[in-house]
Protein chains: 2
Amino acid sequence: MAKKINKQIDNSTEEKIKEAARKLFTKKGFAAVKTRDIAEEAGINLALLNYYFRSKEKLFDIIMAEAMQQFIQGVALIFNDEKTSVDQKLEGVVENYIDMLTHYPDLPFFVLNEIRTHPEKMAAKMEAIIQPARSTFFKQIHEMMIAKKKEPIHTLHLMANMMGLIVFPFIGAPLLKKINNVNDKQFIELMRERKKLIPIWIKGMIMAM
Amino acid sequence: MAKKINKQIDNSTEEKIKEAARKLFTKKGFAAVKTRDIAEEAGINLALLNYYFRSKEKLFDIIMAEAMQQFIQGVALIFNDEKTSVDQKLEGVVENYIDMLTHYPDLPFFVLNEIRTHPEKMAAKMEAIIQPARSTFFKQIHEMMIAKKKEPIHTLHLMANMMGLIVFPFIGAPLLKKINNVNDKQFIELMRERKKLIPIWIKGMIMAM
DNA sequence: AATTATTTTAATCAAATGATTAAAATATTG
DNA sequence: CAATATTTTAATCATTTGATTAAAATAATT
């Protein structure tokens, strides 16, 4: 009954279960994953899962919280840095995000699906996203557009475009690869290419009005 | 046992079940939907569902096939029309797609998730997508870039960008709305705006290299 | 080594869930 | 209207699945 007090190194059973849960939940979603699948993937007994995490829901919530954290992590720091220019920030986020997504390609789907299906539940956690999103970066861009007497674009357009260009290729990867006869290695290389291209495209959009 | 021969007008029980299944499946995915939910939503008895569609899987397959059809429908026609210019095609697809997505905002998630989780199963049906995707449109763009001595962009970039700009706002809608304090009506208006903006942005990309 | 605390297991429960069946209600046809 | 086919229902099955329990194995502490 006493659980564990000190979380120590924790490359233990608890972490193995989380690892397995993360892999399966992100790939198949909450409902499609059976607790027995997780147990098997983790190489442990089913009862362990409930012993450590109390329930499937609780375990899922932990995995989801960490995924959301990762989804927004980095962006906040970069966007809130007042010392860097728009260009630097742009290149920073794009590079950061594409690297992250290359390692965790299922993350956007996982997080966005949760937001979509349980918006109320996510409302609280989204505050963490909202803050950096309304950061200096977008203010800087707005000032830039006004200075150059361009029609300022709605922030939603700007965010949708940035996220769309960065994130969508990973969401649509299986389709895009198949259609364009691109294998995994080539796909990764193309994503690398986008690190340089996306900032150029975005700047083009800002100035195109 | 004899099923029905002539599908007639079919605003009947069968269609009611499909309607309910479509609504629930697209919103929550296969595993999260219970056959009893569908029955209740359709206002019929559970046994009816199995009587008409034999199983939950079969019903899902029908809904999914129709969703995929809708997802690619229109694009094929527009992209394969050799008489229209690149600009006309671009504006056509964007307009067409955004209208469709405004009515069925959950469609991309539904279809892309299926492709992602069951790529083998989808391989056959994807042929229908592959054909129009390699259509005259992309050839025209390539020729255009070469003629203007621009570095030609990989087709995957082009497709990812177009789909990203068109589709992503709907996938990320709950997040984007929340962050930007945008309500449903305003969101739809912004999507309308994008019908004009996206073609401009895309053309900017093609010429930016 | 003996005692206590922690971790792991096998067995089992109760509820949920996809599917079936046999019979009743309704519509169609001769 | 009688006979037949179709549609709908209620009741029930057999699995699956999340969770619990009590006991065994292992580790930690004195």
Side-chain angles (χ1 to χ4, degrees), chain A residues 1-65 110 114 117-118 121, chain B residues 1-65 110 114 117-118 121:
Chain A
M1 254 325 118
K3 290 293 158 62
K4 47 179 54 171
I5 310 293
N6 47 346
K7 280 211 163 182
Q8 51 188 326
I9 310 161
D10 238 343
N11 196 346
S12 53
T13 308
E14 191 170 338
E15 193 53 38
K16 272 198 303 186
I17 297 173
K18 277 178 62 178
E19 205 76 56
R22 180 157 30 244
K23 178 178 169 183
L24 294 176
F25 279 143
T26 52
K27 204 199 293 178
K28 317 188 352 168
F30 178 78
V33 173
K34 315 301 168 199
T35 51
R36 283 167 175 82
D37 299 344
I38 300 174
E40 189 184 14
E41 175 76 30
I44 51 101
N45 188 285
L46 171 60
L48 261 294
L49 190 150
N50 288 292
Y51 171 75
Y52 280 111
F53 297 96
R54 190 72 190 153
S55 78
K56 184 188 176 188
E57 266 86 4
K58 294 254 172 61
L59 175 54
F60 179 83
D61 287 346
I62 292 169
I63 302 298
M64 177 56 69
F110 184 57
E114 180 66 10
T117 48
H118 303 100
K121 202 175 169 186
Chain B
M1 249 333 114
K3 289 295 158 62
K4 49 178 56 171
I5 310 293
N6 48 346
K7 281 211 161 182
Q8 50 189 328
I9 310 160
D10 236 344
N11 195 345
S12 53
T13 309
E14 191 170 337
E15 193 53 37
K16 273 198 304 187
I17 296 173
K18 277 177 62 177
E19 205 76 55
R22 180 159 28 246
K23 178 178 169 183
L24 294 177
F25 279 143
T26 52
K27 204 199 293 180
K28 317 191 343 171
F30 177 79
V33 173
K34 314 304 167 199
T35 51
R36 283 168 175 82
D37 299 343
I38 300 174
E40 189 184 14
E41 176 77 30
I44 52 102
N45 188 284
L46 171 60
L48 261 294
L49 190 149
N50 288 292
Y51 171 76
Y52 279 112
F53 297 96
R54 190 71 189 155
S55 76
K56 185 187 175 188
E57 266 85 4
K58 294 254 172 61
L59 175 55
F60 179 83
D61 287 345
I62 291 170
I63 302 298
M64 177 55 69
F110 185 57
E114 181 66 10
T117 48
H118 303 102
K121 202 175 170 186

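Below, chains carry the letters A, B, ... as their sequence lines are ordered, and counting in each starts from 1.
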Worksheet entry | Nearest-0.5 Å distance that lies between atom CD1 in B:I44 and atom OH in B:Y51 | 12.5 Å

Worksheet item: So which nucleotide from C:dT9, D:dT8, C:dG18 ends up closest to the side chain of A:L48?
Response: C:dT9

Worksheet item: Would one find a side-chain N or O of A:Y52 under 4.0 angstrom from OP1 or OP2 of C:dT8?
Response: yes

Worksheet item: Would B:E40 and B:K34 pass as an ion pair if we require N to O under 4.0 Å?
Response: no

Item to complete: Kindly state which residues belonging to residues 21-34 of chain A come within less than 4.0 angstrom of DNA chain D, counting heavy atoms of the residue only, listed by number.
Response: A:V33, A:K34

Worksheet item: Can you tell me how far CG of B:N50 sits from CD1 of B:I17, rounded to the nearest 0.5 angstrom?
Response: 9.0 Å

Discussion item. Is the phosphate of D:dT7 approached by B:T13 (side-chain N or O, under 4.0 Å from OP1 or OP2)?
Written reply: no

Discussion item. Does a side-chain N or O of B:Y51 approach OP1 or OP2 of D:dT7 to a distance below 4.0 Å, or not?
Written reply: yes

Response to the item:
A:F53 atom CZ is separated from D:dG18 atom C1', nearest whole Å, by 16 Å

Discussion item. Treating primed atoms plus P, OP1 and OP2 as sugar-phosphate and everything else as base, which nucleotides of nucleotides 22-29 of chain C get B, S or - for protein heavy atoms under 4.0 Å?
Written reply: --------

Item to complete: Give the C-alpha distance, both sets of side-chain angles, the deciding distance and a yes or no for ring pair (Phe, Tyr, Trp, His ring centres under 6.0 Å) between B:F25 and B:F110.
Response: CA-CA 8 Å; B:F25 279 143; B:F110 185 57; 7.1 Å; no

Discussion item. Using a 4.0 Å heavy-atom cut-off, does B:L46 contact any base of the nucleic acid, only the sugar-phosphate backbone, or nothing at all?
Written reply: base

Discussion item. Do the side chains of B:E15 and B:R22 get close enough for a salt bridge, i.e. N-O under 4.0 angstrom?
Written reply: yes

Fill in: Heavy-atom neighbours of B:K121 NZ exceed 12 at 6.0 Å
yes

Worksheet item: Within a strict 4.5 Å, meaning less than it, do heavy atoms of the B:F30 and B:M64 side chains meet?
Response: no

Discussion item. A side-chain contact here means heavy atoms from C-beta on lying under 4.5 Å apart; do B:L59 and B:K18 qualify?
Written reply: yes

Worksheet item: Do side-chain atoms of B:K56 reach the backbone of B:V33 as a donor and acceptor pair under 3.5 angstrom?
Response: yes

Worksheet item: Out of curiosity, A:E19 CD to A:I38 CD1, how far, rounded to the nearest 0.5 Å?
Response: 12.5 Å

Fill in: B:L24 CG to B:F60 CZ distance, which is reported to the nearest 0.5 Å
12.0 Å

Response to the item:
Numerically ordered, the residues 35-45 of chain B set in heavy-atom contact under 4.0 Å with DNA chain C is B:T35, B:R36

Worksheet item: In whole angstrom, what separates A:N50's CG from C:dA14's P?
Response: 17 Å

Worksheet entry | Nearest-angstrom distance from the residue atom CG of B:L49 to C1' of C:dT20 | 13 Å

